[in-house]
Amino acid sequence: MSEPSATSNDHRTRPSARPWWKDALVYQVYVRSFADSNGDGVGDLAGIRSRLDHIASLGVEAIWLNPCYPSPQHDHGYDVANYFDIHDEYGTLDDFDALLADARDLGIKILMDLVPSHCSIEHRWFIAALASDPNSPERARFYFRDGKGDAGNEPPNNWQSAFGGPAWTRLDTDPTANNGKGGQWYLHTFAREQPDLDHTHADVNQLFDEIFKFWFDRGVEGFRVDAVAGTGKHPDLPDQPPVGPEVGVLDITWMNEYTVFRPEGHDVWRRFRTTIDNYESSHPDRELMMVAEAYAVRRPELVKAFTEPDQFHQMFSFDLMLTPWEKHSIERAMLDPIAILAETGVPPAWTLNNHDIQRIVTRLGRADAHLPEVWTNNNLALSRADVDLALGERRARAMTALIFALPGSLYLYQGEELGLPEVFDIPANRREDPVFERTGGAEIGRDGCRVPMPWTNDASSSYGFSTPRADGTVGEPWLPQPAEWGERSVSEIDDIENSTLHMYRSLGEVRDEFAVSQPLEAQTIDIGPEVVAVRRGELVVVVNPTDQPVQLDLDHPEMAITQPVFASEPAEMHTTGVIPANSTIWFSS
Ligand code: NOJ
């Protein structure tokens, strides 16, 4: 294993007892859409390697790779066919090792995406289950049940899939007559190609032990753990109470008390934590971690339960991601996770974007983005109000400048550093998200935040996303890119003073200088009725979420020793205490 080089990102002045992951800057790579090294229109690991300098330039300490295991890609890798290899479109295990080594040379760690709740219909266990009898051991690793009714024609219960439609799919046939009940049904919380695993089964426990060991041995430092809300189930799988017509198709699953935030899930996380702790105790030079993905916004009791010392090291806070651009909403979204940190010592993993959510530039540019009631826990049923992208980008920059100052780790999603907006102009026949198909097009799904990255203004190489093949051609990118991608590309905005890309790089630097060295705590301070103001040790960060400049009282005791050290709109940064509309300024002594 190579040692970090002199140019590495391993240089932070973090208090020495603090593990790196508690306040790391992490960059999420959606492998399919980051960089395509072989011209087939699909991103791959060698492509990521070729663009590591870009990631390093942001001051990033770790990369989280979305699932890159072999998969038929029905949910783009969240349907895992084999947890111990690399998907062939993305490369090989050798490519993975090479990526990890190059990243390590830059002081960047690799986190994988672990998908425990379900696997793929192409996983060998599911294939074996289909070929076996209804009551066979092969079926016991999943949730196979007979249907209701004499002929078993009705699903075993009324649960709905998170992607729309029933959470059960029936087999056309079964190897035996099954007492006249016909083909059995299997449970899938997500798409029908993602059968749920039963974590009360010893084989499933053992599989995940082996997965952790396999990737830790290769040098991976941790895992983002997928869909932890829905992993445990009530053992009897009872019908969920009826819901009214006002409940949208994508909300029903999340209201199902028999499969969401179940106590049974916590047994799984305790086992995982024991596995990680055991590995770490025999590798004292490693600081391993797992971070939980679940939408527990405004539910501190859930966050605390998931981050008990014997479970997750951290949990994502999606509070600020889903918050309207309004003072009180922003304060609450920030203070809830900070209060948990003060109580438990577990810092949140903040994020403003990911591969499931409309990009923040679009969300904050909506005509109703400032209305408190626009807040929603449903990541897909968002406002349809008109979008002002310039305003959205300005607000997104201000929100980003806030989040970089907060205690905790910070997960960036590829492309947010370019200020990329959501892409809506994707023809129906090019849409790939199973949400689109399963809701009959009623929900457009998540393709719009997954469009391949623009690196250059060269349309003939899909804006630098694809490296041409030997004959000079490139395949169509797997999702179409809009024409404006060229002017939004890395190389174009790198030439623009004060571009969002420059802002992210500067934020990484000031975060290291003024925030990471501070204790893991923060408080809001009252320095005026319009602004959100946060103190973190010597650092004071002020957000103006209004459409008017706000004059601060520089004689206010909280402002006494402070100088501006960073502004989300640098051209307007000055020392008079004016915070420009929709912007953020950092002050320090
Ligand atoms: C959450 C992931 O982020 C999302 O992309 C995926 O579709 C579901 N979990 C199911 O695995």
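Order of appearance sets the numbers: ligands from 1, and atoms from 1 within every ligand. None of these values were measured; they are calculated from a predicted model. Any value given below was found using the heavy atoms of this structure, including those in side chains, with hydrogens, waters and symmetry copies removed.
Ligand 1 places these atoms under 4.0 Å from at least one heavy atom of E293: 1 (C), 3 (O). The ligand atoms of ligand 1 that sit less than 4.0 angstrom from a heavy atom of F190 are 8 (C), 10 (C). Near H118, with a cut-off below 4.0 Å to any heavy atom, the atoms of ligand 1 are 10 (C), 11 (O). Here is the list of ligand 1 atoms found below 4.0 Å of a heavy atom in R446: 4 (C), 5 (O), 6 (C), 7 (O). Atoms of ligand 1 lying under 4.0 Å from at least one heavy atom of R450, given by number and element, are 5 (O).
Atom 3 (O) of ligand 1 has as its closest protein heavy atom D356 OD2, 2.4 Å.
Taking the side chain as every heavy atom from C-beta outward, D95 and D44 never approach each other to under 4.5 Å.
R141 forms a cation-pi arrangement with W125, by the criterion of a distance under 6.0 Å to the ring centre and an angle within 45° of the ring axis. A cation-pi arrangement is absent between R145 and W168 under the rule of less than 6.0 angstrom and at most 45 degrees off the ring axis.
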Might you work through the side chain to side chain contact (heavy atoms under 4.5 Å, CB included) test for E193 and Q73, ending with a clear yes or no? CA-CA 9 Å; E193 296 86 0; Q73 304 287 321; over 6 Å; no

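The aromatic rings of Y83 and Y69 are tilted relative to each other, their planes meeting at an angle between 30° and 60°.
Contacts between Y295 and ligand 1 below 4.0 angstrom, taking non-hydrogen atoms only, are absent altogether.
Taking the six-membered ring where the residue is Trp, the centroids of F212 and Y279 are separated by 6.0 Å or more.
Residue contacts with ligand 1 do not include H188, since none of its heavy atoms lies under 4.0 Å from the ligand.
Of the candidates D75, I357, D226, the one placing a heavy atom closest to atom 7 (O) of ligand 1 is D75.
Ion pairing between a basic and an acidic side chain is recognised when a charged N comes within 4.0 Å of a carboxylate O; E287 and K22 show no such pairing.
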